[in-house]
Amino acid sequence: MTAARIMAAQQQQQQQQQQQVLQDTTRLASSTMALQVVFRVLTFALNAFTLRYVSKEIIGIVNVRLTLLYTTVVFLAREAFRKACLSHSAQQSWRRTVNLTWLAVPLGVCWSFALGWLWLNVLEVPDPAVIPHYGTGVVAFGISAVIELVSEPFWVLAQAHLFVRLKVIAESLAIIARCSVTVLLVLIWPQWGLVIFSLAQVLYTSLLSLCYILYFVKFLGSQEAEKKSFPLRSMMEFLPRYSVSQDFLDWKQAWLAWSFFKQSFLKQILTEGERYVMTFLNVLSFGDQGVYDIVNNLGSLVARFVFLPIEESFYVYFSKVLERGKNIKSQRREEIAAASEVLESLLKLVTLIGLVIIAFGYAYSQLALDIYGGSLLSGGSGPVLLRFYCLYVLLLAINGVTECFTFASMSKEEVDK
């Protein structure tokens, strides 16, 4: 009887932990979603404002060419490490996980130098008389990517322990600062052109990284850290450290990161494919690239502020509930049932949202573009492009949820395959 009671108590405790993880993950997804709404609203307002003060050629350079440099460096340097380090494992050592996340910084430096040289010496350089300070922009966006990668160990620990408020506050402050600086400088010194957006970008990543670092300076050693049984005790433990008693890296985790890197490399090409085409093949002028990017951002609004937070947050949930590489029959039936139920509910939710977007987006595409950018956007092929995007959003919704589930549960060999 005593053994049966102990087992029943353990099962009840595990169920409570699962429910807590699900609640925290749902709160993280909803908070991130709200943050994305604010971010997109501010970005669209900023684009609408800058359209009236700077040329569409500068918007094309910033939103397509320079932003592509920044996102490529950041994605290739950290995405694989994020997925590998957030994967649940009973033998996971946070000491070696921190060491692994720091590899994103030297990798980001290498990518910044390589891609920066490519952006400056191989790609078409805009006419300095029309778009001055292009070289400054390339250097600034490359540096901003490296600055953001410095906060990667802090981000991984915060995401793994579901620090909801930290992410919301840090990104909100950084976004508000970037928008405020951009608007202020555009009003005062519009002739600075790309220098304005370069300064705002460096400020954004610097403030974002600083928020994460300062939070953990205050958090470590506090009663809240003791209550949550946080694995690190001091800021020095966030730095990479070699120990004689154990390997510097968890090689199983490192090889998993390599598998994710190969997959993420292909994913980046597919995700940003149209920007790579515009950047490397010069199929559109810089002004046309600016118009296309604005329409593209409007079309992907729901995908970015609804579906992406769901995908990121529930990847953490599935990683915690399911044990990677372990046969489904060997895992607890309650955990499998809970994960299956959550997956089914998510698919129903995103499909419903996607169908609503198709119904209303097709009818009001031209009106939306006319309100936002006037005849510059509503004339020509803009409305047709936006209508196709509405159908694309439904496919993105289903793909994102199924992908976050499969890559949270697959073994290294399955990821490679």
Side-chain angles (χ1 to χ4, degrees), residues 40 43-44 46-48 50-51 54-77 79 111-112 114-142 144-145 182 193-194 196-198 200-201 264-301 303-304 308 365 369 372-373 375-393 395-396:
R40 300 313 298 179
T43 302
F44 283 146
L46 179 63
N47 282 338
T50 53
L51 270 173
V54 299
S55 65
K56 60 182 181 180
E57 285 78 14
I58 289 182
I59 292 178
I61 286 289
V62 173
N63 289 358
V64 177
R65 178 73 68 87
L66 297 181
T67 301
L68 181 64
L69 171 64
Y70 162 76
T71 56
T72 302
V73 171
V74 168
F75 190 90
L76 294 180
E79 183 70 12
W111 279 118
S112 292
L115 294 177
W117 180 87
L118 186 69
W119 256 241
L120 288 172
N121 297 283
V122 177
L123 299 181
E124 178 191 0
V125 177
D127 184 359
V130 180
I131 307 176
H133 313 298
Y134 172 72
T136 303
V138 171
V139 173
F141 274 73
S144 71
T182 303
L194 292 180
I196 294 173
F197 298 94
S198 300
Q201 178 68 19
S264 64
F265 194 87
L266 177 62
K267 181 180 178 181
Q268 174 68 4
I269 295 175
L270 296 175
T271 303
E272 302 282 6
E274 75 279 6
R275 284 179 170 81
Y276 287 116
V277 170
M278 289 188 290
T279 297
F280 287 94
L281 300 182
N282 299 323
V283 295
L284 295 176
S285 66
F286 292 122
D288 290 338
Q289 289 180 26
V291 174
Y292 171 82
D293 182 74
I294 293 171
V295 175
N296 177 56
N297 283 336
L298 186 61
S300 59
L301 181 65
R304 292 176 185 272
L308 185 60
S365 292
L369 290 176
Y372 182 68
S375 58
L376 178 68
L377 301 180
S378 61
S381 60
V384 176
L385 178 64
L386 191 55
R387 285 169 183 147
F388 273 107
Y389 239 107
C390 293
L391 176 61
Y392 180 50
V393 163
L395 302 179
L396 284 176

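Numbers here simply count residues along the sequence, with the first being 1.
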TODO: Could you tell me which residues satisfy side chain to side chain donor-acceptor pair (under 3.5 Å) with Asp127, sequence neighbours excluded, listed by chain and number?
DONE: none

Task: Minimum-distance pair of heavy atoms, taken over all atoms of Ser112 and Val73 - done: OG-CG1, 3.4 Å

Task: For the student: nearest non-hydrogen atoms of Ala145 and Val74, plus distance - done: CB-CG2, 3.7 Å

Open item on the list: Can you list everything that forms a side chain to side chain donor-acceptor pair (under 3.5 Å) with Tyr70? Sequence neighbours excluded, please.
Closed with: Glu148

TODO: Evaluate the side chain to side chain contact (heavy atoms under 4.5 Å, CB included) criterion for residues Val125 and Trp119: first the C-alpha distance (whole Å), next the side-chain angles of each, then the deciding distance (0.1 Å), finally the verdict.
DONE: CA-CA 8 Å; Val125 177; Trp119 256 241; over 6 Å; no

TODO: Find out whether Thr71 and Gln268 are in side-chain contact, i.e. whether some heavy atom of one side chain is under 4.5 Å from a heavy atom of the other.
DONE: yes

Task: Distance, nearest 0.5 Å, that separates CD1 of Ile61 from CD of Gln289 - done: 7.0 Å

Open item on the list: Looking at every non-hydrogen atom in both residues, tell me the closest pair between Leu369 and Pro383 and how far apart they are.
Closed with: CD1-N, 3.5 Å

Open item on the list: Restricting to non-hydrogen atoms, name the atom on Arg65 and the atom on Glu124 that form the minimum distance, rounded to 0.1 Å.
Closed with: NH1-O, 2.9 Å

- [ ] Considering non-hydrogen atoms only, spot the tightest contact between Glu57 and Gly287 and give its length.
- [x] CG-N, 3.8 Å

Task: Inter-residue atom distance Ser365.OG - Arg387.CZ, 0.5 Å rounding - done: 5.5 Å

Open item on the list: According to side chain to side chain donor-acceptor pair (under 3.5 Å), who are the partners of Ser285, at least two apart in sequence or on a separate chain?
Closed with: Asp288

Task: For Val283, all residues meeting side-chain contact (heavy atoms from CB on, under 4.5 Å), sequence neighbours excluded - done: Val277, Met278, Leu281

Open item on the list: So, using side-chain contact (heavy atoms from CB on, under 4.5 Å) as the criterion, who are the partners of Ser198 when residues are at least two apart?
Closed with: Ala140, Phe141

- [ ] Begin from the C-alpha positions of Phe280 and Val122 and carry the test side chain to side chain contact (heavy atoms under 4.5 Å, CB included) through to its verdict.
- [x] CA-CA 9 Å; Phe280 287 94; Val122 177; 5.9 Å; no

Open item on the list: Tell me the closest heavy-atom pair linking Pro132 and Leu194, and the distance in Å.
Closed with: O-CD1, 3.6 Å

- [ ] To the nearest 0.5 Å, tell me how far Leu266 CG sits from Leu270 CG.
- [x] 4.5 Å

Open item on the list: Is there a side-chain contact between Val64 and Phe286 in this structure, where contact means two heavy atoms from C-beta onward sitting under 4.5 Å apart?
Closed with: no

- [ ] With rounding to the nearest 0.5 Å, note down the distance linking CG in Asn63 to OG1 in Thr67.
- [x] 5.0 Å

- [ ] Look up atom CZ in Phe197 and atom CD1 in Ile58, then write down how far apart they are to the nearest 0.5 Å.
- [x] 7.0 Å

Task: By ring pair (Phe, Tyr, Trp, His ring centres under 6.0 Å) - contacts of Tyr389 (at least two apart) - done: Tyr392

Task: Contacts of Phe388 that satisfy ring pair (Phe, Tyr, Trp, His ring centres under 6.0 Å) - sequence neighbours left out - done: none

- [ ] Only counting residues at least two apart or in another chain, list the ones meeting side-chain contact (heavy atoms from CB on, under 4.5 Å) with Leu395.
- [x] none

TODO: Sorted by first residue and then second, give each salt bridge (charged side-chain N to carboxylate O under 4.0 Å, His left out) pair with at least one member in residues 273-283; sequence neighbours left out.
DONE: Glu272-Arg275, Arg275-Asp293

Open item on the list: Taking side-chain contact (heavy atoms from CB on, under 4.5 Å) as the definition, give me every residue that meets it alongside Leu120, ordered by chain and number, with sequence neighbours left out.
Closed with: Tyr134, Val138

